[in-house]
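All ligand and atom numbering here is 1-based and tracks the order in the structure. Every heavy atom of this structure was used, including side-chain atoms; hydrogens, water molecules and symmetry mates were not.
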Amino acid sequence: GDGMIQLKKDHEIEAMRLAGGVASTVLREAAAFVQPGVTTLEIDQFAGERIRHHGGKSAFLGYRNYPCEICISVNEEVVHGLASGRQVQFGDIVSLDVGVRYDGYIGDNATTVAVGGCDPAVQRLMEVTENALDEALDQALPGNKVIDISRAIQRCAEANGYSIVREFVGHGVGKKVHEDPQIPNFDDGSRRSPVLKPGMTLAIEPMVNLGQRHVEVLEDGWTVVARDGLPSAHFEHTILVTDGEPEILTCPGNLPSEPRES
Ligand code: MF3
Ligand code: CO
């Protein structure tokens, strides 16, 4: 982008609460739908139906020609996994990333769940990644800088011996999926990190690898995988920077009360 960080107006924030309510509700619904034997295509179609049921549209389908309703990334897949006939199995972990457009504004969130159960070491990876997101939210205060968020995530992941993916980052979000600023999940050494201000809406999304940080993109042009083949976890919220604590926009309490006719 051009570095201009928009401060959202009240009516925009209200639309983003609704988008976030749908995005978080569908993320929970999709997570509950995951069980051994279900295919990623079934998960994707289910999520698409739930998004429409709640009056939204996928913010990802068609974005840069992205071909699916949501992103579904299994095990060593980090982000942007594509739906297919693959059946998820007991012991897999599945990252779900749901972006919803509602009244022209977007809510973006992600979670990682085990299929039935998983190795305790992998369970710990998921817990630490979610903790990294929580610690990042604690830094999303007015007057702090983007890099305070980045450092909190990196500290949490690396203190536990994990690696931070560098090629993909959090971002501003609003009418568009990706707006300024970029929000790296590590200290990128920049001396000009933007100051956080009330009215900024940010998608914060740590991607944490159990092994090495290096990733590659598969032949499909989308699926990002850990090069060493070890599992990766991803958690994301869309938040509003306020005068005080951040407001989590991607929360089920923000679900619009009247589902629209589809
Ligand atoms: N939450 C993801 C991101 O911010 C969404 C992927 S965008 C799509 O990058 F291109 F895959 F649709
Ligand atoms: Co995002």
Salt bridge [X]-[Y], side-chain N to carboxylate O under 4.0 Å:
| X | Y | value |
| --- | --- | --- |
| Glu179 | Lys8 | yes |
| Glu12 | Lys9 | no |
| Glu77 | Arg86 | yes |
| Arg50 | Glu69 | no |

If you look only at pairs with a residue in residues 105-114, which of them pass as a salt bridge (Lys or Arg N to Asp or Glu O under 4.0 Å), with sequence neighbours excluded?
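Sorted result for residues 105-114: empty, none.
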Restricting to pairs with a member in residues 127-144, which pass salt bridge (Lys or Arg N to Asp or Glu O under 4.0 Å), not counting sequence neighbours?
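Listed by first then second residue: nothing to list.
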Residue and atom, protein N/O/S, under 2.8 Å of the Co ion (ligand 2)
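Atoms qualifying: Asp108 OD2, His171 NE2, Glu205 OE2, Glu236 OE2.
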Indicate the atoms forming the closest heavy-atom contact of Phe60 with Cys71, along with that distance.
CD1-SG, 3.9 Å
Who's touching ligand 1 if we go heavy atoms under 4.0 Å?
Phe60, Tyr63, Tyr66, Cys71, His80, Asp97, Asp108, His171, His178, Glu205, Trp222, Glu236
Once rounded to the nearest 0.5 Å, what's the spacing between atom OG1 of Thr242 and atom CG of Leu141?
8.0 Å
Could you tell me if Ser24 and Asn109 have a donor-acceptor pair between their side chains, going purely by distance under 3.5 Å?
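Result is no, nothing qualifies.
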